[in-house]
Amino acid sequence: MKSLILASATLVATAASADTPQLVVYTYDSFVSEWGPGPAVEAAFEATCDCDLKFVGAGDGAALLARIKLEGERSDADIVLGLDTNLTAAAKETGLFAPMSVAAEYALPIEWKDTHFAPYDWGYFAFVHNADADVPSNFKALGESDVKIVIQDPRSSTPGLGLLMWVKAAYADEAPAIWESLSDNIVTVTKGWSEAYGLFLEGEADMVLSYTTSPAYHLIAENDDSKAAALFDEGHYMQVEVAGKLAASDQPELADQFLQFMVSDAFQSVIPTTNWMYPAVTPSEGLPQGFETLVSPEKSLLLPEEEAASIRAEALDEWRAALSQ
(Lines give C-alpha, C1' and ligand atoms only; values in the text may rest on other atoms or scores of the structure.)
Protein backbone atom coordinates (compact mmCIF):
# COMPACT_ATOMS: atom_id res chain seq x y z
CA MET A 1 0.00 0.00 0.00
CA LYS A 2 2.83 2.39 0.91
CA SER A 3 4.47 1.68 -2.46
CA LEU A 4 1.19 2.36 -4.26
CA ILE A 5 0.76 5.70 -2.45
CA LEU A 6 4.33 6.74 -3.29
CA ALA A 7 3.87 5.74 -6.92
CA SER A 8 0.64 7.73 -7.13
CA ALA A 9 2.29 10.79 -5.59
CA THR A 10 5.16 10.55 -8.07
CA LEU A 11 2.72 10.35 -11.00
CA VAL A 12 0.81 13.41 -9.74
CA ALA A 13 4.05 15.40 -9.31
CA THR A 14 5.25 14.36 -12.76
CA ALA A 15 1.94 15.35 -14.36
CA ALA A 16 1.99 18.73 -12.59
CA SER A 17 5.54 19.32 -13.79
CA ALA A 18 4.57 18.39 -17.34
CA ASP A 19 1.70 20.92 -17.23
CA THR A 20 4.05 23.77 -16.23
CA PRO A 21 5.37 25.52 -19.34
CA GLN A 22 9.12 26.05 -19.48
CA LEU A 23 10.83 29.08 -20.99
CA VAL A 24 14.47 28.55 -21.92
CA VAL A 25 16.72 31.62 -22.07
CA TYR A 26 20.27 31.37 -23.40
CA THR A 27 22.54 34.00 -21.88
CA TYR A 28 26.14 34.60 -20.83
CA ASP A 29 27.70 32.90 -17.83
CA SER A 30 28.01 35.95 -15.57
CA PHE A 31 24.28 36.69 -15.96
CA VAL A 32 23.35 33.32 -14.43
CA SER A 33 26.01 33.33 -11.71
CA GLU A 34 24.91 33.58 -8.09
CA TRP A 35 26.00 37.22 -8.02
CA GLY A 36 24.45 38.05 -11.41
CA PRO A 37 20.88 39.12 -12.26
CA GLY A 38 19.70 35.61 -13.13
CA PRO A 39 18.54 34.31 -9.72
CA ALA A 40 16.54 37.45 -8.86
CA VAL A 41 15.05 37.70 -12.36
CA GLU A 42 14.07 34.04 -12.33
CA ALA A 43 12.26 34.36 -8.98
CA ALA A 44 10.48 37.56 -9.98
CA PHE A 45 9.28 36.29 -13.37
CA GLU A 46 8.17 32.89 -12.08
CA ALA A 47 6.04 34.71 -9.49
CA THR A 48 4.04 36.24 -12.36
CA CYS A 49 4.06 33.63 -15.13
CA ASP A 50 3.08 30.27 -13.57
CA CYS A 51 5.98 28.80 -15.52
CA ASP A 52 9.49 27.45 -15.16
CA LEU A 53 12.12 29.94 -16.29
CA LYS A 54 15.36 28.17 -17.18
CA PHE A 55 18.52 30.19 -17.79
CA VAL A 56 21.27 28.40 -19.72
CA GLY A 57 24.78 29.88 -19.56
CA ALA A 58 26.44 29.68 -22.96
CA GLY A 59 29.87 31.22 -22.50
CA ASP A 60 30.26 34.93 -23.08
CA GLY A 61 28.05 37.21 -25.15
CA ALA A 62 29.47 36.70 -28.63
CA ALA A 63 29.49 32.92 -28.11
CA LEU A 64 25.68 33.00 -27.88
CA LEU A 65 25.20 33.75 -31.56
CA ALA A 66 27.66 31.04 -32.57
CA ARG A 67 25.73 28.49 -30.51
CA ILE A 68 22.38 29.54 -31.96
CA LYS A 69 23.78 29.30 -35.49
CA LEU A 70 25.07 25.81 -34.74
CA GLU A 71 21.81 24.58 -33.24
CA GLY A 72 19.55 26.32 -35.75
CA GLU A 73 15.85 25.57 -35.55
CA ARG A 74 16.63 22.57 -33.30
CA SER A 75 17.70 24.87 -30.47
CA ASP A 76 16.00 24.45 -27.10
CA ALA A 77 16.21 28.21 -26.59
CA ASP A 78 13.11 30.38 -26.68
CA ILE A 79 15.02 33.62 -26.02
CA VAL A 80 18.62 34.75 -26.43
CA LEU A 81 19.64 37.43 -23.94
CA GLY A 82 23.10 38.97 -24.20
CA LEU A 83 23.77 40.02 -27.79
CA ASP A 84 24.54 43.65 -28.55
CA THR A 85 24.27 46.04 -31.48
CA ASN A 86 27.57 44.81 -32.93
CA LEU A 87 25.88 41.41 -33.44
CA THR A 88 22.21 42.17 -34.12
CA ALA A 89 22.60 42.53 -37.89
CA ALA A 90 24.35 39.16 -38.12
CA ALA A 91 21.69 37.64 -35.86
CA LYS A 92 18.88 38.88 -38.12
CA GLU A 93 20.63 37.47 -41.19
CA THR A 94 20.31 33.96 -39.74
CA GLY A 95 16.51 34.12 -40.02
CA LEU A 96 16.31 32.42 -36.63
CA PHE A 97 14.88 35.41 -34.74
CA ALA A 98 11.24 36.47 -34.85
CA PRO A 99 9.92 40.03 -34.88
CA MET A 100 8.61 41.20 -31.52
CA SER A 101 7.10 44.26 -29.92
CA VAL A 102 8.00 45.65 -26.50
CA ALA A 103 6.46 48.82 -25.09
CA ALA A 104 8.85 50.87 -22.95
CA GLU A 105 10.10 54.37 -22.20
CA TYR A 106 13.78 53.74 -22.70
CA ALA A 107 16.44 55.77 -20.92
CA LEU A 108 19.03 55.11 -23.62
CA PRO A 109 21.32 57.81 -25.07
CA ILE A 110 20.07 56.72 -28.52
CA GLU A 111 16.63 56.26 -30.07
CA TRP A 112 15.56 52.60 -30.20
CA LYS A 113 13.50 51.31 -33.14
CA ASP A 114 14.63 47.69 -33.58
CA THR A 115 11.89 45.25 -34.62
CA HIS A 116 13.65 42.04 -33.49
CA PHE A 117 15.55 42.94 -30.32
CA ALA A 118 14.75 44.78 -27.10
CA PRO A 119 17.44 46.40 -24.93
CA TYR A 120 17.76 45.62 -21.23
CA ASP A 121 20.92 47.54 -20.27
CA TRP A 122 23.72 49.68 -21.66
CA GLY A 123 27.11 51.11 -20.78
CA TYR A 124 30.45 52.37 -22.07
CA PHE A 125 33.54 50.23 -22.55
CA ALA A 126 36.54 51.44 -20.60
CA PHE A 127 39.82 50.29 -19.14
CA VAL A 128 39.55 49.84 -15.37
CA HIS A 129 42.62 50.43 -13.20
CA ASN A 130 43.69 51.08 -9.63
CA ALA A 131 42.61 54.61 -8.81
CA ASP A 132 46.07 55.66 -7.59
CA ALA A 133 47.78 54.59 -10.83
CA ASP A 134 49.02 56.99 -13.49
CA VAL A 135 47.37 55.72 -16.67
CA PRO A 136 47.24 56.83 -20.33
CA SER A 137 44.32 58.90 -21.59
CA ASN A 138 44.11 57.56 -25.16
CA PHE A 139 45.02 54.51 -27.24
CA LYS A 140 48.15 56.05 -28.74
CA ALA A 141 49.55 56.90 -25.31
CA LEU A 142 48.64 53.43 -24.09
CA GLY A 143 50.55 51.83 -26.96
CA GLU A 144 53.61 53.94 -26.21
CA SER A 145 53.52 53.09 -22.49
CA ASP A 146 54.63 50.09 -20.45
CA VAL A 147 51.13 49.61 -19.03
CA LYS A 148 50.02 45.98 -19.14
CA ILE A 149 46.43 45.22 -20.12
CA VAL A 150 44.10 42.22 -20.30
CA ILE A 151 41.47 42.11 -23.03
CA GLN A 152 38.84 39.63 -24.23
CA ASP A 153 38.64 37.62 -27.45
CA PRO A 154 36.32 39.38 -29.94
CA ARG A 155 35.26 36.01 -31.37
CA SER A 156 33.66 34.91 -28.10
CA SER A 157 33.18 38.07 -26.03
CA THR A 158 31.05 41.15 -26.65
CA PRO A 159 33.52 43.41 -24.76
CA GLY A 160 36.30 41.98 -26.94
CA LEU A 161 34.32 42.76 -30.08
CA GLY A 162 33.39 46.13 -28.64
CA LEU A 163 37.08 47.00 -28.29
CA LEU A 164 37.61 46.25 -31.99
CA MET A 165 34.74 48.55 -32.87
CA TRP A 166 36.00 51.19 -30.44
CA VAL A 167 39.41 51.31 -32.12
CA LYS A 168 37.83 51.20 -35.58
CA ALA A 169 35.31 53.95 -34.80
CA ALA A 170 38.00 56.18 -33.32
CA TYR A 171 40.81 55.57 -35.81
CA ALA A 172 39.32 54.08 -38.99
CA ASP A 173 42.24 53.34 -41.36
CA GLU A 174 44.76 53.90 -38.57
CA ALA A 175 43.35 50.94 -36.61
CA PRO A 176 46.06 48.46 -37.75
CA ALA A 177 48.78 50.78 -36.46
CA ILE A 178 46.97 51.17 -33.14
CA TRP A 179 46.77 47.40 -32.71
CA GLU A 180 50.42 47.01 -33.62
CA SER A 181 51.37 49.49 -30.92
CA LEU A 182 49.09 47.81 -28.37
CA SER A 183 50.35 44.28 -29.03
CA ASP A 184 53.25 44.64 -26.54
CA ASN A 185 50.89 45.88 -23.84
CA ILE A 186 48.58 42.87 -23.96
CA VAL A 187 49.38 40.31 -21.26
CA THR A 188 46.77 37.84 -22.48
CA VAL A 189 43.48 37.54 -24.31
CA THR A 190 40.76 35.70 -22.39
CA LYS A 191 37.66 33.98 -23.71
CA GLY A 192 35.32 36.07 -21.59
CA TRP A 193 34.98 39.08 -19.30
CA SER A 194 35.02 37.20 -15.99
CA GLU A 195 38.40 35.62 -16.64
CA ALA A 196 39.93 38.93 -17.70
CA TYR A 197 38.61 40.88 -14.73
CA GLY A 198 39.77 38.16 -12.36
CA LEU A 199 43.31 38.39 -13.72
CA PHE A 200 43.29 42.14 -13.19
CA LEU A 201 42.10 41.77 -9.60
CA GLU A 202 44.86 39.23 -9.01
CA GLY A 203 47.44 41.81 -10.08
CA GLU A 204 48.34 40.20 -13.41
CA ALA A 205 47.77 43.45 -15.32
CA ASP A 206 47.59 47.21 -14.74
CA MET A 207 44.31 47.67 -16.64
CA VAL A 208 41.47 45.48 -17.88
CA LEU A 209 38.91 46.03 -20.60
CA SER A 210 35.59 46.46 -18.82
CA TYR A 211 33.06 49.28 -18.36
CA THR A 212 32.85 52.78 -16.88
CA THR A 213 30.29 51.28 -14.46
CA SER A 214 32.60 48.55 -13.10
CA PRO A 215 34.01 50.70 -10.25
CA ALA A 216 30.44 50.94 -8.90
CA TYR A 217 30.62 47.28 -7.94
CA HIS A 218 33.66 47.82 -5.76
CA LEU A 219 32.21 50.98 -4.25
CA ILE A 220 28.70 49.66 -3.52
CA ALA A 221 29.27 45.95 -2.89
CA GLU A 222 32.69 46.18 -1.23
CA ASN A 223 32.83 49.77 0.08
CA ASP A 224 36.07 50.04 -1.90
CA ASP A 225 36.90 53.19 -3.87
CA SER A 226 40.27 51.94 -5.09
CA LYS A 227 39.16 51.23 -8.70
CA ALA A 228 38.51 53.72 -11.48
CA ALA A 229 37.77 53.81 -15.20
CA ALA A 230 40.18 55.70 -17.46
CA LEU A 231 38.64 58.42 -19.62
CA PHE A 232 39.99 58.34 -23.18
CA ASP A 233 40.28 61.41 -25.38
CA GLU A 234 38.92 59.58 -28.43
CA GLY A 235 35.63 58.95 -26.68
CA HIS A 236 34.16 55.66 -25.49
CA TYR A 237 32.29 53.02 -27.44
CA MET A 238 28.78 52.30 -26.22
CA GLN A 239 27.30 48.86 -25.68
CA VAL A 240 23.55 48.22 -25.72
CA GLU A 241 22.72 44.67 -24.63
CA VAL A 242 19.58 43.11 -26.06
CA ALA A 243 17.32 40.06 -26.03
CA GLY A 244 15.37 38.47 -28.86
CA LYS A 245 12.85 35.67 -29.43
CA LEU A 246 13.65 32.58 -31.50
CA ALA A 247 11.27 32.00 -34.39
CA ALA A 248 11.20 28.27 -33.62
CA SER A 249 10.19 28.78 -29.97
CA ASP A 250 7.42 26.47 -28.78
CA GLN A 251 6.48 29.10 -26.17
CA PRO A 252 6.07 32.27 -28.27
CA GLU A 253 3.45 33.90 -26.01
CA LEU A 254 5.47 33.18 -22.89
CA ALA A 255 8.57 34.55 -24.64
CA ASP A 256 6.69 37.77 -25.43
CA GLN A 257 5.59 37.96 -21.80
CA PHE A 258 9.20 37.67 -20.65
CA LEU A 259 10.44 40.33 -23.07
CA GLN A 260 7.82 42.76 -21.77
CA PHE A 261 8.70 41.80 -18.19
CA MET A 262 12.34 42.53 -19.06
CA VAL A 263 11.64 46.27 -19.25
CA SER A 264 9.55 46.31 -16.07
CA ASP A 265 10.73 47.69 -12.75
CA ALA A 266 11.09 44.19 -11.30
CA PHE A 267 13.79 43.36 -13.87
CA GLN A 268 15.36 46.77 -14.45
CA SER A 269 15.85 47.54 -10.74
CA VAL A 270 18.04 44.43 -10.46
CA ILE A 271 20.44 45.40 -13.28
CA PRO A 272 22.55 48.21 -11.71
CA THR A 273 23.78 46.18 -8.72
CA THR A 274 24.01 42.72 -10.30
CA ASN A 275 25.01 43.28 -13.94
CA TRP A 276 26.66 46.59 -13.03
CA MET A 277 25.38 48.40 -16.10
CA TYR A 278 22.91 51.22 -16.70
CA PRO A 279 19.32 49.90 -16.95
CA ALA A 280 17.54 50.43 -20.27
CA VAL A 281 14.54 51.82 -18.36
CA THR A 282 15.18 53.93 -15.28
CA PRO A 283 13.84 52.11 -12.18
CA SER A 284 11.18 53.88 -10.12
CA GLU A 285 13.69 54.53 -7.33
CA GLY A 286 16.36 55.75 -9.73
CA LEU A 287 19.97 54.59 -9.83
CA PRO A 288 21.67 53.34 -6.66
CA GLN A 289 23.81 55.71 -4.65
CA GLY A 290 27.35 55.48 -5.96
CA PHE A 291 26.47 55.62 -9.66
CA GLU A 292 26.68 59.40 -9.51
CA THR A 293 30.45 59.04 -8.88
CA LEU A 294 31.11 57.28 -12.19
CA VAL A 295 33.00 59.00 -14.99
CA SER A 296 30.96 60.14 -17.97
CA PRO A 297 32.60 60.17 -21.43
CA GLU A 298 32.49 63.49 -23.24
CA LYS A 299 32.17 61.69 -26.57
CA SER A 300 30.08 58.59 -27.31
CA LEU A 301 30.98 56.23 -30.14
CA LEU A 302 28.57 53.69 -31.65
CA LEU A 303 28.56 52.27 -35.18
CA PRO A 304 25.16 51.51 -36.75
CA GLU A 305 24.49 47.76 -36.69
CA GLU A 306 24.90 47.34 -40.46
CA GLU A 307 28.22 49.18 -40.47
CA ALA A 308 29.44 47.17 -37.47
CA ALA A 309 28.54 43.97 -39.32
CA SER A 310 30.25 45.09 -42.54
CA ILE A 311 33.59 45.93 -40.92
CA ARG A 312 33.69 43.09 -38.39
CA ALA A 313 35.75 40.70 -40.55
CA GLU A 314 38.23 43.44 -41.47
CA ALA A 315 38.62 44.52 -37.85
CA LEU A 316 39.20 40.90 -36.78
CA ASP A 317 41.88 40.46 -39.44
CA GLU A 318 43.65 43.63 -38.27
CA TRP A 319 43.53 42.44 -34.66
CA ARG A 320 44.81 38.95 -35.52
CA ALA A 321 47.60 40.28 -37.72
CA ALA A 322 48.91 42.61 -35.00
CA LEU A 323 48.78 40.02 -32.22
CA SER A 324 50.42 37.29 -34.31
CA GLN A 325 53.63 39.27 -34.83
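All of these numbers come straight from a predicted model, not from anything done at the bench. Below, each value reflects all heavy atoms present in this structure, side chains not excepted, and no hydrogens, waters or symmetry copies.
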Pairs involving residues 88-108, ordered by first then second residue, that meet salt bridge (Lys or Arg N to Asp or Glu O under 4.0 Å) (sequence neighbours left out):
Lys92-Asp114, Lys92-Glu305
Ring-plane angle category for Phe291 and Tyr278, please: parallel below 30°, perpendicular beyond 60°, tilted otherwise.
perpendicular
Please report the interatomic distance CG(Asn86) to OG1(Thr158), rounded to the nearest 0.5 Å.
8.5 Å
Partners of Tyr120 by ring-ring contact (aromatic ring centres under 6.0 Å, His included), sequence neighbours excluded?
none
Would you confirm whether Thr94, through its side chain, and Lys69, through its main-chain N or O, come within 3.5 Å as a donor-acceptor pair?
no
Does Asn130 reach the main-chain N or O of Ala133 with its side chain, forming a donor-acceptor pair under 3.5 Å?
no
Output the distance between atom CD (Glu195) and atom OG1 (Thr190), rounded to the nearest 0.5 Å.
5.0 Å
Assess the pair Phe267 and Phe45: is the distance between their ring centroids shorter than 6.0 Å?
no
Do you know which two heavy atoms are closest between Pro21 and Leu254, and how far apart they sit?
CB-CD2, 4.2 Å
Quick check: does any side chain N or O of Asp265 sit under 3.5 Å from a backbone N or O of Ser284, one acting as donor and the other as acceptor?
yes
Does either side chain, that of Trp193 or that of Ser210, offer a donor lying less than 3.5 Å from an acceptor on the other one?
yes
For Ile149, run the side chain to side chain contact (heavy atoms under 4.5 Å, CB included) check against Val187, Val208, Leu142 and tell me which one passes.
Leu142
With a 4.5 Å cut-off on side-chain heavy atoms, are Phe55 and Val41 touching?
yes
Which heavy atom of Ile151 sits nearest to which heavy atom of Trp319, and what is that distance?
CD1-NE1, 3.8 Å
Would you call Asp78 and Lys245 a side-chain contact if the rule is heavy atoms closer than 4.5 Å?
no
Side chain of Trp112, backbone of Phe117: donor and acceptor closer than 3.5 Å?
yes
What pair of heavy atoms forms the shortest contact from Ser33 to Ser30, and how long is it?
OG-O, 2.9 Å
Show the nearest heavy-atom pair for residues Ile68 and Ser75, with the distance to one decimal.
CD1-OG, 3.7 Å
List for me each residue that meets side-chain hydrogen bond (donor to acceptor under 3.5 Å, both in side chains) alongside Lys168, sequence neighbours excluded, and say none if there are none.
Glu314, Glu318
Would you say the side chain of Leu201 lies within less than 4.5 Å of the side chain of His218, judging by non-hydrogen atoms?
yes
Is it true that, when you exclude Glu253 itself, more than 12 heavy atoms of the residues, nucleotides or ligands shown sit nearer than 6.0 Å to its CD?
no
Measuring from Ile311:CD1 to Asp317:CG, what's the distance to the nearest 0.5 Å?
12.0 Å
dist Asp84:CG -> Leu161:CG (nearest 0.5 Å) comes out at 6.5 Å
With the side chain counted from C-beta on, respond yes when Phe200 and Leu209 share a heavy-atom pair under 4.5 Å apart, and no when they do not.
no
Could you tell me whether the side chain of Asn185 reaches within less than 4.5 Å of the side chain of Ser145, counting heavy atoms only?
yes
Please assess Val56 against Arg67 for the test side chain to side chain contact (heavy atoms under 4.5 Å, CB included), listing each intermediate value before the final yes or no.
CA-CA 12 Å; Val56 177; Arg67 177 164 176 174; 4.1 Å; yes
Hey, could you give me the CG/CZ distance between Asp60 and Phe31, rounded to the nearest 0.5 Å?
13.5 Å
Less than 6.0 angstrom separating the ring centers of Phe139 and Trp166, yes or no?
yes
Which class fits the ring pair Phe258 and Phe261: parallel under 30°, tilted 30 to 60°, perpendicular over 60°?
tilted
Side-chain heavy-atom pair Val167, Tyr237 within 4.5 angstrom cut-off
no
Between Cys51 and Gln251, is any pair of side-chain heavy atoms under 4.5 Å apart?
no
Can a donor-acceptor pair be found, under 3.5 Å and without considering hydrogens, that links the side chain of Gln260 to the backbone of Ala103?
yes
Steps toward side chain to side chain contact (heavy atoms under 4.5 Å, CB included) verdict (Leu81, Met262):
CA-CA 10 Å; Leu81 184 152; Met262 188 178 70; 4.1 Å; yes
Above 12 or not: heavy atoms from other molecules or residues under 6.0 Å from CD of Glu180?
no
For this output row, return yes or no: ring centroids of Tyr217 and Trp276 closer than 6.0 angstrom.
yes
Short question: side chain of Gln268, backbone of Ala280 - any donor-acceptor pair under 3.5 Å?
yes
Start with the C-alpha gap between Leu287 and Glu292, add the side-chain angles, then the distance that decides, and say whether side chain to side chain contact (heavy atoms under 4.5 Å, CB included) holds.
CA-CA 8 Å; Leu287 294 174; Glu292 77 283 357; over 6 Å; no
Nearest heavy-atom pair of Gln152 and Val189: which atoms, and what distance?
C-CG1, 3.7 Å
On a heavy-atom basis, the closest approach of Ala91 and Leu83 is CB-CD1, 3.9 Å
If you round to the nearest 0.5 Å, how far is NE2 of His236 from NZ of Lys299?
11.5 Å
Any side-chain heavy-atom pair from Phe97 and Thr115 closer than 4.5 angstrom?
no
Lys148, NZ: over 12 other non-hydrogen atoms inside 6.0 angstrom
yes
Mind running side chain to side chain contact (heavy atoms under 4.5 Å, CB included) on Met165 and Arg312 for me, showing each step along the way?
CA-CA 8 Å; Met165 297 300 163; Arg312 183 182 177 192; 4.0 Å; yes
Side-chain donor-acceptor pair under 3.5 Å between Asn275 and Tyr211, yes or no?
no
Are any of the side-chain nitrogens in Lys227 or Glu222 under 4.0 Å away from the carboxylate oxygens of its partner?
no
